[in-house]
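Shown next, in structure tokens, is the structure this report addresses.
Source: prediction; values computed, not measured. A, B, ... follow the sequence lines: proteins, then strands. Residue 1 opens every chain.
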Amino acid sequence: MNYWLFKSEPGEFGIDDLANSPGKTNNWDGVRNYQARNMMRDQMKKGDLGFFYHSNCEQPGIVGTITIVREGYSDHTAFDPKDKHFDAKSDPENPRWFMVDVKLKRKFSTELQLKYLKQFADKELQGFQLLMRGNRLSVMPVTKEHWDFIDSLV
DNA sequence: GCCAACGTTGGC
DNA sequence: GCCAACGTTGGC
């Protein structure tokens with residue numbers, strides 16, 4: 001089993017939007033970065049767990065956990081010219097972008113704010129990509145050690 | 001709104 | 001293949 005972290009802007013799609021989705025499940029579409037795409041297409045497996053992270057907002061942080069319930073498949077939003085994630089270069093016959101389906105596992109009663117997590121950057125969370133300078137990946141792997149530590153903070 | 005970091009694009 | 005220009009991310 002693998003562990004991941006998914007970033008989303010709460011104004012676009014926050015954890016409550018996932019909670020309010022049918023079956024608390026939705027597709028994680030709109031990823032337009034090749035590294036992130038490769039992870040979604042090749043490495044994410046049904047049953048993997050992920051952190052739900054709110055980015056680009058007043059209080060960025062980890063707000064809950066999700067389960068991967070469907071493995072990588074074609075991101076159809078790339079084919080819709082009206083969609084903000086439209087990509088004319090993605091061919092339905094040979095899609096460029098992929099998504100997975102995720103289900104809300106747990107919404108934290110207390111958010112683990114980025115500024116709180118940072119105090120562990122040189123200790124328990126050393127090497128955690130989220131805390132590293134210049135990190136911009138919207139989907140990233142999390143080690144079991146980091147996952148367990150963060151989980152213990154909730 | 002600013003700006004550092006970094007990915008992508010495109011001319012050569 | 002190099003690299004400057006440009007666009008995006010995302011914390012602050």
* Asked: Checking all strands, does A/K115 fall into the base, sugar-phosphate, or nothing category for heavy-atom contacts under 4.0 angstrom?
  ->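 Contact class for A/K115: none.
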
* Asked: Looking only at side chains, do A/W97 and A/D87 share a donor and an acceptor under 3.5 Å apart?
  ->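 Short answer, yes.
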
* If we ignore angles and hydrogens, is there a donor and acceptor under 3.5 Å between the side chains of A/R96 and A/Y34? ->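 On atom types as modelled, these side chains qualify, holding a pair under 3.5 Å.
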
* Go through DNA chain C in 5' to 3' direction and return only the first and the last nucleotide with some atom under 4.0 Å of chain A's heavy atoms. =>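 Range of nucleotides touched by chain A: C/dG7 to C/dC12.
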
* What distance separates A/D29 CG from A/H76 NE2, expressed to the nearest 0.5 Å? ->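 A/D29 atom CG to A/H76 atom NE2 measures 6.0 Å (nearest 0.5 Å).
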
* Asked: Quick check, are the ring centers of A/F98 and A/Y73 under 6.0 angstrom apart?
  ->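 Centroid separation for A/F98 and A/Y73: 6.0 Å or greater.
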
* **Proximity of A/F51 and A/W4 rings by center, below 6.0 Å** =>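 No, the ring of A/F51 stays outside the 6.0 Å limit from the ring of A/W4, centre to centre.
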
* When you match A/N56 and A/G134 each to their closest nucleotide on DNA chain B, which lands nearer the 5' end? ->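 Looking at the nearest nucleotide for each, A/N56 comes out on the 5' side.
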
